[in-house]
Amino acid sequence: MSTALPMPLEFRLPEGWLPARPAGFEAEEVAFAAVHPRPDAGFAANITIDGGFPLEGVTLVQLADASLEQLRQGAESVVVADRREVGPEDAPALTQRLTFSAVVDATPRDLVQSQVYLSLVDTRDPHQRALIRLALTATAAQHDAVLGDFQDFLRTVRPETAAGAR
């Protein structure tokens, strides 16, 4: 998945969250990132967005599995704590919560990542579907405290209809 999103999106960040390009996010991985203003023990919870055009026939489950395997390459003890396919057939989505351990800035951390995969009709070509992946990553201790902000953020994400806002 590339830095550029497959379609323009509009969304509103939760109050206090700051747009950022945090250290550790490679340009080719993330199209947009935001950080929580109050880090937990030195780790700032973050929201990231990326996306692309998956090959025809590739399912959201397969894409989520690929993301899981990619995370396993750089983290330890990666576990799928929850996974659900949601949404109507014409606008499917998948959510998954992953728990894992990783070394961040030379410090071992127990982290939780909530991912949402959206399959959206491309606004420029209605015959094509775009994939948008939105993720919240936080320490295990802070995740539940910032999850509501992430859910509020998700409710604002939609294909851009006019000037759009971030």
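In this text the structure is predicted, and so the values were computed from the model without any measurement.
Using a 4.5 Å cut-off between side-chain heavy atoms of Ile, Leu, Val, Met, Phe, Trp and Tyr, with links allowed through other members, Ile47 and Val104 fall into different hydrophobic clusters. Note on Val112: it does not cluster hydrophobically with Leu68, by side-chain heavy-atom contacts below 4.5 Å among ILVMFWY residues. Using a 4.5 Å cut-off between side-chain heavy atoms of Ile, Leu, Val, Met, Phe, Trp and Tyr, with links allowed through other members, Leu98 and Val79 fall into different hydrophobic clusters. Val58 and Leu60 fall within the same hydrophobic cluster, defined by Ile, Leu, Val, Met, Phe, Trp and Tyr side-chain heavy atoms under 4.5 Å apart, directly or through other members. Linking ILVMFWY side-chain heavy atoms closer than 4.5 Å, directly or via other members, places Leu55 and Val121 in two distinct hydrophobic clusters.
Using a 4.0 Å cut-off between a side-chain N of Lys or Arg and a carboxylate O of Asp or Glu, Arg84 and Asp82 qualify as a salt bridge. Taking a cutoff of 4.0 Å between a charged side-chain nitrogen and a carboxylate oxygen, Arg97 and Asp144 qualify as a salt bridge.
In this structure, Ser77 OG and Arg72 CZ are separated by 10.5 Å, a value rounded to the nearest 0.5 Å. Atom CD of residue Glu85 and atom CG of residue Leu94 lie 5.5 Å apart, to the nearest 0.5 angstrom.
Although no hydrogens or angles enter the test, the distance criterion places no donor-acceptor pair under 3.5 Å between the side chain of Glu69 and the main chain of Ala66. Counting only distance, with no hydrogens or angles, the side chain of Arg158 and the backbone of Thr156 share a donor-acceptor pair below 3.5 Å. Using a distance-only test at 3.5 Å, with no hydrogens or angles considered, no donor-acceptor pair links the side chain of Arg12 to the main chain of Asp152. Looking only at distances, no side-chain donor or acceptor of Gln115 sits under 3.5 Å from a matching main-chain atom of Ser67.
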Could you walk me through whether Asp65 and Arg83 pass the side chain to side chain contact (heavy atoms under 4.5 Å, CB included) check?
-> CA-CA 11 Å; Asp65 285 344; Arg83 180 183 279 182; 2.8 Å; yes
Val103 and Arg109: side chain to side chain contact (heavy atoms under 4.5 Å, CB included), yes or no, with the steps?
-> CA-CA 6 Å; Val103 176; Arg109 305 215 181 254; over 6 Å; no
Which is it for Glu76 and Phe100 under the side chain to side chain contact (heavy atoms under 4.5 Å, CB included) test, yes or no, and what are the steps along the way?
-> CA-CA 6 Å; Glu76 297 177 6; Phe100 58 99; over 6 Å; no
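The ring-ring contact (aromatic ring centres under 6.0 Å, His included) test applied to Phe150 returns no partner, not counting sequence neighbours.
Checking Val116, Leu136, Ile49 one by one against Phe153, the side chain to side chain contact (heavy atoms under 4.5 Å, CB included) holds for a single residue, Ile49.
Between Leu13 and Phe32 the shortest side-chain heavy-atom distance falls below 4.5 Å. Residues His143 and Ser114 form a side-chain contact, since some pair of their non-hydrogen atoms from C-beta on lies under 4.5 Å apart. With a 4.5 Å cut-off on side-chain heavy atoms, Leu111 and Ser101 do not count as touching. At least one side-chain heavy atom of Arg129 sits under 4.5 Å from a side-chain heavy atom of Pro92. Residues Glu160 and Leu9 fail the side-chain proximity criterion, which asks for heavy atoms closer than 4.5 Å. Within the 4.5 Å cutoff, side-chain heavy atoms of Leu63 are placed close to those of Leu131. The shortest distance between side-chain heavy atoms of Leu5 and Met7 does not fall below 4.5 Å. Between Leu118 and Leu134 the shortest side-chain heavy-atom distance falls below 4.5 Å.
Applying the ring pair (Phe, Tyr, Trp, His ring centres under 6.0 Å) rule to pairs touching residues 33-52 yields Trp17-His36, sequence neighbours excluded.
Summarising the geometry of Pro159 relative to Glu10, their closest heavy-atom pair is O-CG, 4.0 Å, with the distance given to 0.1 Å. The two residues Pro39 and Gly42 have their closest heavy-atom pair at CB-C, 4.1 Å.
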